[in-house]
Structure formats: C-alpha cells, structure tokens
Amino acid sequence: MAEPTRLRHGPVVPQVEGALRDMLREGRWEPGERLPNEVMLAAELGVGRSSVREAVRLLARDGLLDVRHGSGTFVTRTQPEPEQTGQAEQTGQAGTAGELDLRHLLRRARLLEVYEVRRALEVEAARLAARRTRPEDIARLTADLKRRQEAAGAGPAAFVDADLEFHRTVVELSGNAVLLGLFTSVLPVLREALVEMVTYETGLPDLSCAHADLLDALARGDATAAIAATTRHLEAVMALVDPISPAGEGAR
C-alpha cells in the first residue's frame, strides 16, 4: 500500500478530492480501471470513509469517475473536459482561484433555488401538520430529532440524511399525498445540495432551536408557530447564501 498522504488542517473533503484529482492526473489509474474500494482509499489518505465517498461523488459529478453500484468506481477520464479547465490553464494559479470562486457562486445559486422550493413546500406542510399531528406522531418526530442531534458529528452525509428524515416526517404528517409526492421527488437534488452545503460552507447557523420550536408548535397544534419556526429555519440559510435576497435583508 502507498504511504499515507499527508493532509493539511482544514476541511477534509476538498483535500481528499484534490488528492484523488492529482492521482488521476498523474496516471495512477487508467481510464476504465477500477479504483480501490473506500476502505483502502480511506486508509491510504488517513481519513474516514464518508470523506472518501463525498470526494468520489464530486469527481463523478465532474465526469472523472463512474460509480457503478455493486461493481465499484471506475475511471472515466483523468482530466476534466477542456471547457472546465481552459481558463485555469491559461491563467495559472489565478485561473484556478477564479474557477473555485465560480464553483462557489454556482453552488450557492443552486442552493438558493433548492431552499426556495423547500420554503414553498415545507411552510404549507408545517401548517397542515399542526392541524393533523397526533400524540403518537410527536413521539416519532421526537425520535427523528434526537437522531438528527446525534448525527451532528457523524459527517455531512449522515447528518443531512437524519435532518431530511425529520423534515420528511413533517411533510408526511401534513396528510397531503400530493405535497409528500412533490417533496419526495426533489429529495435527491435536495440531499446533494445540502451535503455540499454542510461540506463546504462556513458559518452555518445552528438551527437546533428552530427544529425544537417546530416540534413544540406541532405538539401544541399551533399552526402559526409552526409556520414561523419553519420560515425562520429556512430563511436563516437563505440569508447566508444570498445576503441581498429578501431573507437576507430581513436578517440584518
């Protein structure tokens, strides 16, 4: 096994992604070749499997890798498409920084769109759920919220999964099958955007209180408070990713 790669202090996933990009660029694996499994890569890089998994997902999104469930991860190509790197090749380090800034802006723009959809769906779901939630449903939501809290230090993907399970339960308790169907249909896009947000964004607000307030409002059957807690939770993130949006202006 190769000597473990030394990572710097700081966010782990971007460093793992960069290390794997370097390995691909240096020709460690040829197109069509299968990568070592997560356990082997994590051991070589000295990181957790979840960090490797997220880095592989990002490389797959850029078309460098092909994740075939049940078969493994295969190299598609060792360099990004020319349009992805042309500017960086021409301008050197400045180009690389510009590309990173562009990716950051695009990620935030996409995240804002995702949260606009969440607001459209979840605010109404909270209102309906406050009218229809039963005592046994509160026990289920309490368990979901506890799992969310416990997953806070378990890595971006695990935390996002636990968070979305809580919110999906709220939408389910709205009793509106169409609303639940819409929410379920956007879950894959929502999950991907949230994992990227938790991985890359700094200064994310602690929304534990907003989640607890939503649970309390549903337990009391208070639709107004449920709407307020949901709106506060969603717009806190919207204000972060787009400070000049109405949510951002209201937060200042």
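Not measured: the values here are computed from a predicted model.
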Any pair counted as salt bridge (Lys or Arg N to Asp or Glu O under 4.0 Å), so long as it reaches residues 178-189, sequence neighbours left out: none
Parallel, tilted or perpendicular: rings of H167 and H233 (30°, 60°):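 Parallel.
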Side-chain touch R57/V195, heavy atoms, less than 4.5 angstrom: yes
Test item: V170 and F183 side chains (from C-beta on) under 4.5 Å apart, heavy atoms: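 V170 vs F183: side chains apart.
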Do the charged groups of [X] and [Y] touch, with an N to O distance under 4.0 Å?
X	Y	value
R119	E235	yes
E150	R147	no
R140	E172	yes
R28	D22	no

Least distance between heavy atoms, E30 atom then V75 atom: O-CB, 3.4 Å
Nearest heavy-atom neighbours spanning L214 and A226: CD1-O, 3.7 Å
Axial cation check for F74 ring with R68, 6.0 Å and 45° limits: yes
Those residues that, when tested against R34, pass side-chain hydrogen bond (donor to acceptor under 3.5 Å, both in side chains) (two or more places apart):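 For R34, no residue satisfies side-chain hydrogen bond (donor to acceptor under 3.5 Å, both in side chains) once neighbours in sequence are set aside.
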Pair D144-T169, side-chain donor/acceptor within less than 3.5 Å: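 Per modelled atom types, D144 and T169 side chains form a pair under 3.5 Å.
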Salt bridge (Lys or Arg N to Asp or Glu O under 4.0 Å) between R148 and E165, intermediate numbers included: CA-CA 8 Å; R148 179 186 184 276; E165 183 60 29; over 6 Å; no
D163 side-chain N/O to V160 backbone N/O, donor-acceptor pair under 3.5 Å: no
Qualifying residue for side-chain contact (heavy atoms from CB on, under 4.5 Å) with R49, from L41, N37, V39: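 The residue from L41, N37, V39 that satisfies side-chain contact (heavy atoms from CB on, under 4.5 Å) with R49 turns out to be V39.
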